[in-house]
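Data block below; observations after.
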Number of protein chains: 2
Amino acid sequence: MDLSSIEIFLAVASDRSVTKAAKAVGRVPSNVTTRIQQLEEDLGACLFSRDGKKMTLTREGETFLAYANRLMALALEARQAVRPLAPSGTLRVGTMESTAASRLPAPLTQFNQMWPDVSLHLTMGASRDLARDVLADVLDCALIARPPKTMREEDLDFDAELKALEMETVFVEDLLIVLPSGHPAIKSAADLRVGSLAALEPGCTYRRIAENWARTSSSLPTTEHGSYHAILASVATGNTAGVMPRSVLDLMHWPTAVQTHQLGPVETLLVYRKDDCPSAFSAFHEVLGATKGRDVRLAAN
Amino acid sequence: MDLSSIEIFLAVASDRSVTKAAKAVGRVPSNVTTRIQQLEEDLGACLFSRDGKKMTLTREGETFLAYANRLMALALEARQAVRPLAPSGTLRVGTMESTAASRLPAPLTQFNQMWPDVSLHLTMGASRDLARDVLADVLDCALIARPPKTMREEDLDFDAELKALEMETVFVEDLLIVLPSGHPAIKSAADLRVGSLAALEPGCTYRRIAENWARTSSSLPTTEHGSYHAILASVATGNTAGVMPRSVLDLMHWPTAVQTHQLGPVETLLVYRKDDCPSAFSAFHEVLGATKGRDVRLAAN
DNA sequence: GCTTTAATTCTGGAAAAGAGATTTTCATTG
DNA sequence: CAATGAAAATCTCTTTTCCAGAATTAAAGC
């Protein structure tokens with residue numbers, strides 16, 4: 001029983017899907033299947049019941065889930081406990097609006113409990129600006145969206161900035177176009193029946209991905225909003241299509257099932273300067289790494 | 001950080017020696033060294049201070065030790081919790097006198113706490129008899145000494161019986177000849193200056209190993225004793241040499257440092273019938289496996 | 001009934017682990 | 001103080017395990 005198997009198990013348990021879990025932990029589905037089977041054999045118990053293509057936890061799986069969370073939490077605590085110098089001071093973290101909303105609450109809470117001496121400064125912004133701020137030492141690290149390859153080739157400046165930084169994938173977002181209710185299903189941007197795209201500020205990578213996609217067939221104006229809540233409200237009025245990752249949409253229990261279109265997966269990167277590694281940053285890095293594949297519901301230690 | 005690294009760490013921490021730990025966990029010393037170094041790099045902290053050839057835990061090592069014990073205990077608990085059917089009924093365990101004295105107290109206590117519904121019957125005896133009893137279904141399993149290859153070739157009956165059973169190494173004992181105080185150091189049986197060997201019953205594998213060793217040069221009579229305490233008392237009288245594993249000798253805080261001679265390592269096997277696997281046995285098997293490399297002091301969970 | 005999507009199985013290549021030999025280091029001893 | 005012995009570390013080679021991608025199978029949706 002090794003801890004990486006448990007991380008994989010947690011991802012499958014929380015997503016109830018091998019494919020999604022594989023993305024979450026950055027592996028290939030066949031590998032996830034194998035590791036789960038190994039774990040089951042090792043424990044001598046069936047953890048999931050495979051009725052059709054759904055993976056649902058069995059009774060034993062549920063009890064193991066509790067232990068799995070405790071084990072991960074304990075392992076993380078052990079790591080932090082042996083840290084030679086306890087982190088303190090200030091840590092300046094930049095993040096996209098979406099990541100702050102959907103991914104950070106759990107790890108930030110945990111980090112804050114573990115290291116109350118660190119004062120954590122959170123800055124929200126667009127990926128480009130955040131990357132620049134990290135380079136300029138205005139931020140210690142940032143969570144930004146990795147632009148797809150075609151976009152990187154168009155924006156060599158940004159690409160060069162990224163290359164100057166250390167980076168690491170921590171989440172994978174499923175970027176969506178959110179359509180007004182009643183809008184017919186779409187296969188491409190040409191099928192859009194709205195007057196505009198609703199997105200955040202111009203530097204936002206998600207916005208630029210959506211604009212690139214829309215540009216291929218039609219030429220829609222983009223209306224700028226201050227928050228994802230504002231975007232969704234706009235979409236509800238019926239004449240605009242919103243841009244946001246699925247994880248954010250999932251947070252806002254929307255009354256009816258919304259029509260969405262997938263723009264594909266977009267990686268969220270943790271970027272930081274190559275040279276400097278303040279103690280508070282490595283602690284943050286570690287907490288983020290330990291939390292990434294896991295359920296938002298944290299285990300009672 | 002995987003649990004096998006932690007098992008290795010616990011062994012090194014408890015033995016304060018790479019070589020001994022390697023024997024305890026059934027690996028080669030170079031491997032233990034590497035795994036400890038990996039663990040240290042992974043944690044970003046020094047766990048041991050290598051002053052000379054002693055491995056002493058550092059401050060960080062001490063704090064990690066506590067977590068390591070908790071992690072192992074939690075992992076074991078998780079295993080047991082997902083066991084589909086809670087074990088109950090009776091489990092008949094055979095064991096050598098020496099194993100019962102030095103190795104079993106910790107796992108038996110743990111097993112008893114975990115599965116109070118299982119009534120555990122412990123039978124003491126010589127390896128040969130125990131193996132036979134397992135075959136005859138008088139016992140569910142037994143802890144016996146594996147005779148060295150030369151002895152197995154002389155005793156084909158016993159060898160055949162062993163082959164009919166499932167077996168697994170759980171401990172490695174350092175078999176000793178214990179000499180009276182004042183006896184000169186010996187290099188072989190020819191240097192013995194005593195009138196007899198003190199051992200347990202004739203079927204005892206340790207006794208037979210010692211007799212084989214003594215036979216090569218001299219021909220000493222063996223006097224039979226009922227317990228290791230009796231053997232040690234006999235040795236103290238001055239005219240006999242005792243046979244016992246180091247782990248047993250270590251238990252009996254003897255007034256003065258005794259003169260000993262090593263007869264070499266002898267594996268302790270857990271043997272059981274190939275076919276039948278009562279639930280209580282697999283639980284016992286698991287507890288034994290989890291405890292084998294560890295310190296006797298159990299962790300508070 | 002065909003298409004789509006998800007899980008599993010299979011297979012080849014890459015990475016990691018383990019064993020044994022060698023070297024280094026330190027304590028012990030003559 | 002040099003020689004010896006024992007224990008840890010290093011190195012190299014073999015074996016095992018792990019992982020990605022392709023092929024396969026099975027179920028759900030249209």
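Remember, it's a predicted structure, so these values are computed and weren't measured experimentally. Hydrogens, waters and symmetry mates play no part in the numbers below; they use all other heavy atoms, side chains included.
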*Taking only residues two or more places apart in sequence, or in another chain, which ones meet B:Arg59 in a salt bridge (charged side-chain N to carboxylate O under 4.0 Å, His left out)?*
none
*What is the distance from CG of B:Asp15 to P of D:dA7, rounded to the nearest Å?*
12 Å
*Write down the distance between NZ (A:Lys20) and C1' (C:dA7), rounded to a whole number of angstrom.*
13 Å
*Taking only residues two or more places apart in sequence, or in another chain, which ones meet B:Arg35 in a salt bridge (charged side-chain N to carboxylate O under 4.0 Å, His left out)?*
B:Asp2
*Could you state the CG-P distance from A:Asp42 to D:dT17, rounded to the nearest angstrom?*
13 Å
*How far apart are the C-alpha atoms of A:Arg103 and A:Ser247, what are their side-chain angles, what is the distance that settles it, and do they pass the side-chain contact (heavy atoms from CB on, under 4.5 Å) test?*
CA-CA 8 Å; A:Arg103 306 288 186 176; A:Ser247 65; 3.8 Å; yes
*Please work out which residues in residues 26-37 of chain B have a non-hydrogen atom less than 4.0 Å from an atom of DNA chain C and list them by number.*
B:Arg27, B:Val28, B:Ser30, B:Asn31, B:Arg35
*Give the rounded distance in Å between these two atoms: CE of A:Met55 and C1' of D:dA27.*
15 Å
*Evaluate the side-chain contact (heavy atoms from CB on, under 4.5 Å) criterion for residues A:Thr205 and A:Ile144: first the C-alpha distance (whole Å), next the side-chain angles of each, then the deciding distance (0.1 Å), finally the verdict.*
CA-CA 8 Å; A:Thr205 302; A:Ile144 68 174; over 6 Å; no
*Measure the spacing between CG of B:Leu74 and CG of B:Asn69 and express it to the nearest 0.5 Å.*
12.0 Å
*asked:* Under a 3.5 Å cutoff, is there a donor and acceptor pairing between the side chains of B:Asp15 and B:Ser17?
replied: no
*Would you mind listing every ring-ring contact (aromatic ring centres under 6.0 Å, His included) that reaches into residues 29-53 of chain A, with sequence neighbours excluded?*
A:Phe9-A:Phe48
*asked:* Distance alone, cut at 3.5 Å: any donor-acceptor contact between the side chains of A:Thr58 and A:Ser49?
replied: no
*asked:* What is the separation between atom CD on A:Gln38 and atom C1' on C:dT8, rounded to the nearest whole Å?
replied: 14 Å
_Whole angstrom value for the distance that separates P of D:dA7 from CZ of B:Arg16_ = 15 Å
*Taking CZ from A:Phe48 and C1' from C:dT8, how many angstroms apart are they, rounded to a whole number?*
15 Å
_Please encode protein proximity along nucleotides 24-30 of chain C as a string of B, S and -, counting only heavy-atom distances under 4.0 Å._
--B----
*Euclidean distance, atom CG of residue A:Asp2 to atom P of D:dT16 [Å, nearest integer]*: 19 Å
_Test of understanding: with salt bridge (charged side-chain N to carboxylate O under 4.0 Å, His left out), list the residues that count as partners of A:Asp191, not counting sequence neighbours._
none
